[in-house]
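Notes follow once the structure below has been shown.
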Amino acid sequence: MKVSTEPVILKLGGSVITDKAADQGVVREADLLRIAKEISEYRGKLIVVHGAGSFGHTYAKKYGLDRGFDPEGAIITHESVKKLASMVVDTLNHYGARAVAVHPMGCTVCRNGRIESIYLENIKLMLERGFVPVLHGDVVMDLELGTCVLSGDQIVPYLAKELRITRLGLGSAEDGVLDKDGKALPEITPGTFESFKHYIKGSESTDVTGGMLGKVQELLELSKTSCITSHIFNAGKENNVYRFLNGESIGTRISPDKRVEV
Ligand code: IPE
């Protein structure tokens with residue numbers, strides 16, 4: 001088995017670990033247990049970021065947090081995603097993963113919905129000492145808006161850039177980014193994106209943070225400003241999380257454009 005000494009970032013989509021269509025927070029217990037077990041079998045350094053699923057989107061939508069400032073709604077939503085984070089951390093630790101929750105509300109500042117800064121010193125020390133920091137989609141403070149809804153999909157490329165992590169994967173509920181026939185595209189680059197863009201789904205009605213299109217756009221931005229290739233794969237299928245963590249290229253690769261040699 002190939003064990004990376006470089007940290008890896010794994011995002012678990014909210015639709016994999018929760019029932020995203022539910023009108024309150026409902027966890028997919030069997031999937032969470034299976035994924036936590038696969039993660040605990042990985043021996044390298046790791047950051048987990050998970051989505052909010054029905055623990056976040058339902059309330060963010062109900063209180064209009066994607067459109068305006070509502071302090072009561074922000075607290076209800078934040079408390080709800082914290083419950084999910086606690087279930088994820090407990091399940092990981094049940095399998096011995098040494099997971100620690102790092103709630104973005106406590107360490108992140110955004111401006112107009114984009115991350116200005118995340119306090120990283122504790123995360124760096126956790127990685128050094130073999131802990132697995134667990135971040136998640138959350139409501140966070142925003143310099144212009146009061147609060148904003150921050151997707152894990154934005155946290156992942158931010159951490160990759162700031163911590164110089166080059167292996168990252170988004171475990172979604174689909175086999176990757178699907179083409180018009182429902183088959184996973186092997187690769188998308190900034191140069192080929194336009195030709196695929198119209199197939200890629202944006203937010204479902206329950207999702208306030210951009211759906212698959214939002215994920216692809218975040219990762220394409222990262223590939224433009226770094227040489228990082230990310231992977232979007234199906235974490236709902238047994239062993240895929242384990243395979244990704246151990247270096248396999250599965251699902252859709254989001255890669256930089258190849259440089260033409262002259
Ligand atoms: C959304 O986070 C955060 C809130 C709604 C509070 P994500 O965008 O990371 O969640 P998923 O993966 O779509 O469920």
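Ligands are counted one by one from 1 in listed order, and the atoms in each one are counted from 1 as well. Any value given below was found using the heavy atoms of this structure, including those in side chains, with hydrogens, waters and symmetry copies removed. Along the sequence shown, residues are numbered consecutively beginning with 1. Being a predicted model, the structure only gives us computed values, none of them experimental.
- Listed as neighbours of ligand 1 are Lys11, Gly13, Gly14, Lys20, Gly51, Ala52, Gly53, Gly56, His57, Thr77, Gly137, Asp138, Val149, Leu150, Ser151, Gly152, Asp207, Thr209, each bearing a heavy atom under 4.0 Å from the ligand.
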Determine, stepwise, if the pair Lys82 / Glu79 fulfils side-chain contact (heavy atoms from CB on, under 4.5 Å).
CA-CA 5 Å; Lys82 256 172 53 184; Glu79 288 300 321; 3.5 Å; yes
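- Residue pairs meeting the ring-ring contact (aromatic ring centres under 6.0 Å, His included) criterion with at least one partner in residues 88-136, sequence neighbours excluded, are His50-His136, His103-His136.
- With hydrogens and angles disregarded, no donor-acceptor distance shorter than 3.5 Å links the side chain of Asp257 to the backbone of Thr189.
- Under a cut-off of 6.0 angstrom, the local environment of CD in Glu116 is crowded, with over 12 non-hydrogen atoms contributed by other residues, nucleotides or ligands.
- Nearest heavy atoms, Leu168 versus Leu222: CD1-CD2, 4.0 Å.
- A side-chain contact (heavy atoms from CB on, under 4.5 Å) with Arg28 holds for exactly one of Asp19, Thr18, Ile35, Leu33; it is Asp19.
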